[in-house]
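Bear in mind that the values here come from a model prediction, so they are computed numbers and not experimental data.
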Amino acid sequence: MKRIIIASLLLVGLKVNAQQDLVKYVKPIIGTQKMGHTFPGATVPFGAVQLSPETDTLSYEFNGKYNGDVYKYCAGYKYEDKNIVGFSHTHFSGTGHSDLGDFLIMPTQGKLQLNPGTSNDTKSGYRSAYSHANEIVEAGYYKVKLDDDNITAELTATTRVGMHQYTFPKSYDSHIILDLMAGIYNYDDKNVWTYVRVVNDTLVTGYRQTNGWARTRTVYFAMTFSKPFKSYGQKNYDEDQVYSGFWRKFDQNKNFPEIAGKRIRMYFDFKTDEQEKVKIKFALSPVSQANAVENMKAEAPGWDFNKVKQQAQSDWNKELNKIKIDASADDKTNFYTAMYHAFINPTTYTDVNGEYKGLDQNVHNADGFTNYTTFSLWDTYRALHPFFNIMQPSRNNDVVKSMMAHYEQSALKMLPIWSHYANDNWCMSGYHSVSVLADAIIKGVYDGDAAKALEACITTANHRNYEGIGDYIDLGYIPAERSGTSVSNTLEYAYDDWCIAQIAKKLGKQGIYEKFLKRSGNWVNNFDKSIGFMRPKMADGTFKKDFDAMSTHAQGFIEGNTWNYSFFVPHDPNGMIAEMGGKKKVGLRLDSLFSMHLPDKFFADTEDITRDGIIGGYVHGNEPAHHVAYLYNWIDQPWKTQQRVRMILKMQYKATPDGLGGNDDCGQMSAWYMFSSLGFYPVSPGSDEYSLGSPSIKSAQLTLENGKTFTVETLNQSDKNVFVLKVLLNGQPVTKYTIRHVDIMNGGKLTFFMTAKPKNK
């Protein structure tokens, strides 16, 4: 009997730990409408390929100026659109600026059309009308019916290969179009050069080089078909090219195996039977055509589309099962979709043989690590990388090694600011790689040379000719007349300097610690006590006279105003509270932030902030204030942190296409959701502490890489019971509104006792 009881208990334990089907809760369509800027197509965790539909072809410029409408297409797909142009292989997830959209493929039948046509007349080109009713969007899989040509398109992926499956009607004139001109944030001169080699009647290889957000970006490909094409051809739109050599001796437009130019579209012709499936495998490489072929052979050797799809979804399930939650259906959808979005970026930037192209444009070998790219650091340092340090520490270790490789290959000897595809696009402010490095070093995640990492951080922080750093070092702030983002840059540099100080302290470098700790106090130089706000300061030491605290334009801030940025001192909340006049005044200021009404003029000069992403004056749809709700903990009003956090979770995240109040920004919005749903948040990455909030889940089990389990449970949980009566960590009271990183990594249980009434002090 005793043995039977023990066996039964073991079976129960195995059932609890068994892998669940969590893919069913992932809805990649969330965030594709309005401001989310996510894409619905197929990718695998941290994959190099993001195979997804494009729904229009807007140019970055219109009449020689920036075309504001292109902002809606940062991910290539807009839920509101009624037609699809094609399916391309590279996308950013949730960004507020863009690039990529490489190698667009579109199946058609009937009369060959190589022009994409217009959105109001799909018959004018190769695009097609479609309906969401005939669209299936899952993790690792996308399916849609292209109504104009009665073709069903299906997409899936491996890490480096996109796989297409097109079900055609009976036709003697079926076509696969490969548009090598298409791109996101596109313009006429973006393509620098394109090369295509038709190896045989099923294999095509080549590359294209673009000059966009990434100034010098080359992507190689290998494309193979499941059946031979009967003919092929191309149209070269370089009609104004002055010199084309003596290639004119050939007719290059039809069945010619070597194509080169800036503006090329190709087509491949097939005869298809009714319901015949034509499949394509499309592999990418940052290094060479040969590596693209090798990537394809290694990851997708056969033609079983369903097998590739099942593997992609199995890969997602493996990642999603690292956290098992008990929550409402909508909360499960929001949580696992957030986890999915968080695990799209950074993206793999290493071929299967370990090679990648470095920032110096030379080929390198990633020795002992996977090289990654797509670092949207102004966003992701806040919560995404701290989340990785809990749930993806080995991967984040490789991310830091990738950043160090970037530094070594940089002609400027700087860590990445916002980098992708062996380029730094220098977007946004701060040098937040140092935050990622500091957080990984402080939390014991980085196993590389920490002293060398510190050196890279210091060198980056002392790069005097980069965006006001020289003035910042000399004056302790950046003069307003020399920079349009003088205040936000100063505040973010100050935080980054504090991160450097934390690394130095851990390594016993006292002199460096003291120097950068002092620099981290520079935020105070932009605080005007007379008005209680951060304010631009002139070179002569006086504050800017014409100042509008509500405006986001020409006031010294990037993507925000002083109401949000005045709270951006994450490394020294107590110092900030003292400068602002004490806890009572800060409490009133925070209350005003969450309850005020913003006038329409607030939105006039920014495309990154809309009413969808705000609560009062608090801008959750943009990152600078993501820590602000947790600041009530520092003024002895934790019940307000609890109330605000639960309100934000409900108002800013919904299980609908328009369910994100702002750009997901490579997973930052999603990481905020997961942390806050679990009940804690990293207010100041580089610290080993997390600030407590109000979890929305009933329970969560975090399976850690070290083999231990950390459990969060809530007692008396409900939508009304948003306040926390008490918190226990492994049965012992938590009294400081914080837990430490080691508390999580050692495993154990965090228990929240929930109530409908705030526990006022």
Side-chain angles (χ1 to χ4, degrees), residues 20-43 45 52-53 75 77-81 93-94 131-144 313 316-317 319-344 383-384 387 610-615 620-621 626 645-679 693-700 712 714 717-720 722:
Q20 299 176 12
D21 177 19
L22 299 178
V23 164
K24 66 183 180 182
Y25 295 111
V26 175
K27 306 298 180 188
I29 205 71
I30 293 174
T32 60
Q33 189 173 8
K34 293 186 178 179
M35 289 288 289
H37 289 186
T38 59
F39 63 82
T43 190
S52 189
Y77 176 100
K78 191 160 77 79
Y79 185 83
E80 297 90 327
D81 288 345
S93 179
S131 167
H132 293 302
N134 296 321
E135 185 181 40
I136 297 174
V137 183
E138 298 174 356
Y141 177 67
Y142 178 87
K143 180 179 180 180
V144 71
Q313 297 197 323
W316 276 115
N317 247 335
E319 297 297 335
L320 298 171
N321 269 269
K322 291 179 178 179
I323 302 179
K324 296 174 183 175
I325 68 167
D326 181 11
S328 69
D330 277 357
D331 285 348
K332 278 190 173 183
T333 295
N334 285 330
F335 189 92
Y336 287 112
T337 303
M339 201 170 178
Y340 167 84
H341 282 144
F343 289 176
I344 289 176
L384 183 69
F387 189 78
T610 67
R611 290 202 182 275
D612 295 325
I614 65 170
I615 299 172
H620 188 74
H626 270 193
V645 165
R646 291 288 285 272
M647 176 176 63
I648 296 166
L649 286 169
K650 282 292 183 185
M651 292 182 67
Q652 294 295 305
Y653 300 87
K654 295 180 175 64
T656 56
D658 63 349
L660 292 177
N663 305 157
D664 195 57
D665 283 318
C666 292
Q668 167 57 26
M669 285 274 284
S670 292
W672 190 97
Y673 181 90
M674 288 186 291
F675 264 126
S676 295
S677 294
L678 295 171
S694 174
S696 62
I697 46 89
K698 295 175 184 177
S699 67
V712 178
T714 58
Q717 176 68 284
S718 74
D719 285 343
K720 293 182 179 179
V722 303

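Lys24 NZ to Tyr336 OH: the interatomic distance, rounded to the nearest 0.5 Å, is 10.5 Å. Atoms OG and OH, from Ser670 and Tyr653 in turn, are 7.0 Å apart once rounded to the nearest 0.5 Å. Note that NE2 of His341 is 11.0 Å distant from CG of Asn334, once rounded to the nearest 0.5 Å. Taking OH of Tyr25 as the start and CG of Leu320 as the end, the distance is 11.5 Å to the nearest 0.5 Å. Going from atom NZ of Lys698 over to atom CD1 of Ile325 covers 10.5 Å, rounded to the nearest 0.5 Å. Note that the CG atom of Leu678 and the CZ atom of Phe387 stand 6.5 Å from one another [nearest 0.5 Å].
Judged as a side chain to side chain donor-acceptor pair (under 3.5 Å), and not counting sequence neighbours, Thr337 has no contacts. Listed by chain and residue number, nothing satisfies the salt bridge (Lys or Arg N to Asp or Glu O under 4.0 Å) test with Asp21 (two or more places apart in sequence, or in another chain). Ser676 pairs by the side-chain contact (heavy atoms from CB on, under 4.5 Å) definition with Tyr630, Val645, Leu649, Trp672, Tyr681, not counting sequence neighbours. In this view, Ser93 satisfies the side chain to side chain donor-acceptor pair (under 3.5 Å) rule with no residue, not counting sequence neighbours. For Lys322, the salt bridge (Lys or Arg N to Asp or Glu O under 4.0 Å) partners are Glu319, not counting sequence neighbours. The ring pair (Phe, Tyr, Trp, His ring centres under 6.0 Å) check on Phe335 picks up nothing, with sequence neighbours excluded. Residues that satisfy the salt bridge (Lys or Arg N to Asp or Glu O under 4.0 Å) test with Lys78, not counting sequence neighbours, are Asp81. For Ser694, the side chain to side chain donor-acceptor pair (under 3.5 Å) partners two or more places apart in sequence, or in a different chain, are Arg646. For Asp331, the side chain to side chain donor-acceptor pair (under 3.5 Å) partners at least two apart in sequence or on another chain are Ser328. A search for salt bridge (Lys or Arg N to Asp or Glu O under 4.0 Å) contacts involving Lys720 returns nothing, not counting sequence neighbours.
Pairs passing the side-chain hydrogen bond (donor to acceptor under 3.5 Å, both in side chains) check and including a residue from residues 133-144, sequence neighbours excluded, read Tyr77-Glu135, His132-Glu135, Glu135-Tyr142, Glu138-Gln313, Tyr141-Glu154. Applying the side-chain hydrogen bond (donor to acceptor under 3.5 Å, both in side chains) definition to pairs two or more places apart or across chains, those involving residues 30-40 are His37-Asn663.
Gly41 and Ser52 make their closest contact through N-OG, 3.0 Å (heavy atoms, listed as atom of the first residue, atom of the second, distance). Of all heavy-atom pairs between Val137 and Pro28, the closest is CG1-CB, 3.6 Å. The two residues Pro40 and Ile29 make their nearest non-hydrogen contact at CB-CD1, 4.1 Å. Counting all heavy atoms, side chain and backbone alike, Ile697 lies closest to Ala327 at CG2-CB, 4.0 Å. Residue Leu660 comes nearest to Gly31 through the heavy atom pair CD1-CA, 3.9 Å, listed as atom of the first residue, atom of the second, then distance.
With hydrogens and angles ignored, the 3.5 Å screen pairs no side-chain donor or acceptor of Gln652 with any backbone N or O of Ile615. Checking side-chain atoms of Trp316 against main-chain N and O of Leu22 turns up no donor-acceptor pair under 3.5 Å.
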Report task. Begin from the C-alpha positions of His626 and Gln668 and carry the test side-chain contact (heavy atoms from CB on, under 4.5 Å) through to its verdict. Result -> CA-CA 10 Å; His626 270 193; Gln668 167 57 26; 3.0 Å; yes
Next item on the list: Test side-chain contact (heavy atoms from CB on, under 4.5 Å) on Asp658 and Asp612 and set out the steps.
Entry: CA-CA 9 Å; Asp658 63 349; Asp612 295 325; over 6 Å; no
